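Because the structure is a prediction, the values reported are computed rather than measured.
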Amino acid sequence: MAIELNQIWDFPIKEFHPFPKAKLGVGAHDMLGVEAKDLGMTRALLMTTGLRGSGIIEELIGKIEYQGVDVVLYDQVESNPKDYNCMDAAALYQSEKCDGIISVGGGSSHDAAKGARMVIAHDGRNINEFEGFSKATNKENPKHIAVSTTAGTGSETSWAYVITDTSDMNKPHKWVAFDDTCLVDLAMDDPLLYYTCPEHFTAFCGFDVLAHASEPYVSRLDFAPSLGNAKYSIELIRDHLRTAVYDPRNLAARTGMMHAQYIAAQAFNSGGLGLVHSLSHAVSAFYDSHHGLNNAIALPRVWEYNLPARFERYAEIAALLGVDTSKMTTVQAADAAVEEAIRLSKDLGIPDNFGQLSTSSYDKNRMNTGKYEGRGETMDTSDKQIRAIAEHMMDDWCTPGNPRESTVESLIPMVAHAFTGSY
C-alpha cells in the first residue's frame, strides 16, 4: 500500500546512530597511554580547558608518555567552546605533526576536539561551515580519545558537538552539528576523575544530564530505542545527584552519575533534544554562561511550557523522580514533575533566574571576559534581549525535536520568566 504524503509525518523513518567504544569504571583512565598507543598514536594533541590545580592533566600526560607517545598540550579550550578554539587547535595539530587527539575534561574539551578534527580533515575549512546535519565530506578524521572529568554532557558518546560562532559579536551564535564522522574512537569515563569537580559544577552538570534524559523522553521523535535509557538515567539522577554534589568522594554516587550521563547521551543521540537546550544555547551565545547552569534554570520552565503536549510522559517522569503519584490524576502527576524539578533545583542551590547571574556567580565564570568583555557583569533582562533570545531559539537545531510547536511569540513569556521570574 502506498503511503500518502501527509502520512510521512505520522510514520517517519527514524534513524539510530552508533555509539563509540568505551571503557567505564574505576581505574579506566590508567589505560589511557596503552589505548593511545594501540590506536597508532605517536604524537598526540591533548586538548583541555586546563583543569588547573587538579593534577589530572599532569597525571594523564605521564601515563601517555610512559607508553612512548609524545604529548603536545593545548589547554586554551574555553567553556562553550569557540570557533577560534577549534581553528587554533587544528593549526597546532598540523604544525606539531600530531597524529591523534586526546580530549580531557567535560563537553567543552570534547566538542572543541570534534570541531578541530573536522577542520583538520577538511584542509582547514572554517569550523562554522559545519553547522547542522552531516556536513562532513571527508569521512576520515584524526583518531580521538575522550576522557571525561565531569558527569555532564555525554559528548564522548554522541554524534553531536556544539560550537560558538564569534565572527560577529553583535549577533553571537551558538550552533549544533550532528555528524557520525565526529564520533570518538574511544570514550573513557572514570568516576575517580570526578572527585575534584567542584560542588556547583557537579550540580550544573547534573542538570545537563537531566535535560539529556528528559528531552528525548518527551521528544516528538518518540524514538523507542531511546526511551529505556532515558528512564533509567532519570532514576539514577534521583538516587545519586544530591549525594554526588554534597559528598563528592562518595564512589557510589559518582559512579551512578557517570552511568546516568553516559546513557542519557545515548538517549538523545537518536531520540533528540528540545527547548531546554535551545534556551541554554541562546543564553550562552549572548553571555558565555555555563551550559549546565543554563539548563538548570531553563528546565522547569520548559517542562511547564511543554506540559500540554506531553502530560502523560511528564507524569511518568514525576514517578521516576520519586514522587508518589498513586493518588494523583495524570495531569496532577505531570504538574508534580515540574514541582520536583524545582525542588531539586533549590536543593542544589541553582539561582532562580538568569537575571540573578553575575560575573561572581560561580568559579571560572567567563561572563564579561574575552570577546564578551563589555556586555556587563549581569544579564540584560530587557524586552529586546528576551526577544533576541527567543529568535535564537527558533534557529536552534534542537528546537524541532521539542514536543510543543513554538513561535517567537509563544516563547517570549517562558523566556521572560527564566530571566526575571522565580518559583
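A salt bridge does not link Arg301 to Glu304: none of the charged nitrogens lies less than 4.0 Å from a carboxylate oxygen. Salt-bridge check for Glu316 with Lys231: failed, with every basic side-chain N at 4.0 Å or more from each acidic carboxylate O. Salt bridge Arg43/Asp99: absent, no basic N to carboxylate O contact under 4.0 Å. With salt bridges taken as basic N to acidic carboxylate O contacts below 4.0 Å, one links Glu405 and Arg220. A salt bridge is absent between Asp222 and Lys14: the closest approach of a Lys/Arg side-chain nitrogen to an acidic carboxylate oxygen does not fall below 4.0 angstrom. A salt bridge links Arg366 with Glu78; the closest basic N to acidic carboxylate O contact falls under 4.0 Å.
Ala336 approaches Ala318 most closely through the heavy-atom pair C-CB, 4.2 Å. Taking every heavy atom of both residues into account, Ile120 and Ala90 meet most closely at CG1-CB, 3.7 Å. For the residue pair Ala213 and Ile234, the shortest heavy atom distance occurs at CB-CG1, 3.7 Å. Scanning both residues, Ile237 and Ala260, for their nearest heavy atoms gives CG1-CB, 4.1 Å. Residues Cys86 and Ile163 approach most closely at SG-CD1, 3.6 Å, considering heavy atoms. Nearest heavy atom pair, residue Ile297 against residue Pro351, reads CG1-O, 3.8 Å.
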Trace of the side chain to side chain contact (heavy atoms under 4.5 Å, CB included) decision for Leu92 with Val72
CA-CA 9 Å; Leu92 182 61; Val72 176; 4.0 Å; yes
Test side chain to side chain contact (heavy atoms under 4.5 Å, CB included) applied to Arg387 and Val408, step by step:
CA-CA 7 Å; Arg387 176 171 286 275; Val408 170; 3.6 Å; yes
I would like to know whether Val77 and Thr48 meet side chain to side chain contact (heavy atoms under 4.5 Å, CB included); could you show each step before the answer?
CA-CA 6 Å; Val77 177; Thr48 180; over 6 Å; no
As a quick check of understanding, evaluate salt bridge (Lys or Arg N to Asp or Glu O under 4.0 Å) for Arg242 and Asp247, giving each step before the final call.
CA-CA 8 Å; Arg242 288 177 175 88; Asp247 185 9; over 6 Å; no
Take Val218 and Trp303 through the test side chain to side chain contact (heavy atoms under 4.5 Å, CB included) and record every step on the way to the result.
CA-CA 10 Å; Val218 301; Trp303 283 15; over 6 Å; no
Under the salt bridge (Lys or Arg N to Asp or Glu O under 4.0 Å) criterion, do Lys23 and Glu35 qualify, and how do the steps go?
CA-CA 10 Å; Lys23 290 187 179 295; Glu35 294 292 343; 3.5 Å; yes
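Atom NZ of Lys143 is surrounded by 12 or fewer heavy atoms from other residues, nucleotides or ligands within 6.0 Å. Heavy-atom contacts from other residues, nucleotides or ligands closer than 6.0 Å to NZ of Lys21 number 12 or fewer. By the neighbour-count criterion of 12 heavy atoms within 6.0 Å, atom CD of Glu65 is densely surrounded, having more than that number from other residues, nucleotides or ligands. Heavy atoms from other residues, nucleotides or ligands lying under 6.0 Å from CG of Asp383 number 12 at most. Counting non-hydrogen atoms of neighbouring residues, nucleotides and ligands closer than 6.0 angstrom, the NZ atom of Lys139 exceeds 12 such neighbours.
Between Val104 and Ser109 there is no side-chain heavy-atom pair separated by less than 4.5 Å. Contact check for Met257 versus Gln261: no side-chain heavy atoms found under the 4.5 Å cut-off. At a threshold of 4.5 Å between non-hydrogen side-chain atoms, the residues His17 and Phe178 do not count as touching. Taking the side chain as every heavy atom from C-beta outward, Thr255 and Met258 approach each other to under 4.5 Å. Counting only heavy atoms from C-beta outward, the side chains of Leu411 and Tyr305 approach each other to under 4.5 Å. With a 4.5 Å cut-off on side-chain heavy atoms, Ile56 and Thr196 count as touching. Between Ser214 and Ile317 the shortest side-chain heavy-atom distance falls below 4.5 Å. Side-chain atoms of His291 and Asn80, non-hydrogen and from C-beta on, do get closer than 4.5 Å to each other.
With hydrogens and angles ignored, the 3.5 Å screen pairs a side-chain donor or acceptor of Glu215 with a backbone N or O of Gly274. In terms of modelled atom types and a separation under 3.5 Å, the side chain of Ser233 and the main chain of Asn229 share no donor-acceptor contact.
For the atom pair Asp88 CG and Met47 CE, the distance stands at 9.5 Å (nearest 0.5 Å). Atoms CD1 and CD1, on Ile102 and Ile145 in that order, are 5.0 Å from each other to the nearest 0.5 Å. To the nearest 0.5 Å, atom OG1 of residue Thr378 and atom CG of residue Asn368 are 9.0 Å apart. How far CG of Leu193 is from CZ of Arg254: 10.5 Å, rounded to the nearest 0.5 Å. Note that CG of Leu293 is 10.0 Å distant from OG of Ser79, once rounded to the nearest 0.5 Å. In this structure, the separation between CG on Leu275 and CE on Met394 is 8.5 Å, given to the nearest 0.5 Å.
No cation-pi contact links Arg375 to Phe286, judged by a cut-off of 6.0 Å to the six-membered ring centre and 45° from its axis.
A donor-acceptor contact closer than 3.5 angstrom links the side chains of Ser280 and Asn295. Side-chain contact check for Ser155 and Asp111: at least one donor-acceptor pair (N or O, by modelled atom type) lies under 3.5 Å. In summary, the side chains of Glu59 and His29 do present a donor paired with an acceptor at a separation below 3.5 Å, with no hydrogens or angles considered. Defined by atom type and a distance below 3.5 Å, a donor-acceptor pair is present between the side-chain atoms of Asn402 and Asn306.
In terms of the side-chain hydrogen bond (donor to acceptor under 3.5 Å, both in side chains) criterion, residue partners of Asp380 (sequence neighbours excluded) are, by chain and number, Ser382. Under the side-chain hydrogen bond (donor to acceptor under 3.5 Å, both in side chains) criterion, Asp30 pairs with Lys63, sequence neighbours left out. Remark: Asp70 engages no residue in a side-chain hydrogen bond (donor to acceptor under 3.5 Å, both in side chains) (not counting sequence neighbours). Remark: Tyr423 pairs with His417 by the ring pair (Phe, Tyr, Trp, His ring centres under 6.0 Å) rule, at least two apart or across chains.
For residues 370-403, the pairs satisfying ring-ring contact (aromatic ring centres under 6.0 Å, His included) are Phe133-Trp397, His173-His392, with sequence neighbours left out. Sorted by first and then second residue, the ring-ring contact (aromatic ring centres under 6.0 Å, His included) pairs with a member in residues 213-270 read His212-Phe268; sequence neighbours excluded.
Using a 30° and 60° split on the angle between ring planes, Tyr161 and Trp175 fall in the perpendicular class, above 60°. Relative orientation of the Tyr362 and Phe201 rings is perpendicular, given thresholds of 30° and 60° on the angle between their planes.
With Asp288 as the fixed residue, the salt bridge (charged side-chain N to carboxylate O under 4.0 Å, His left out) test singles out one of Lys364, Lys371, Lys174, Lys82: Lys82.
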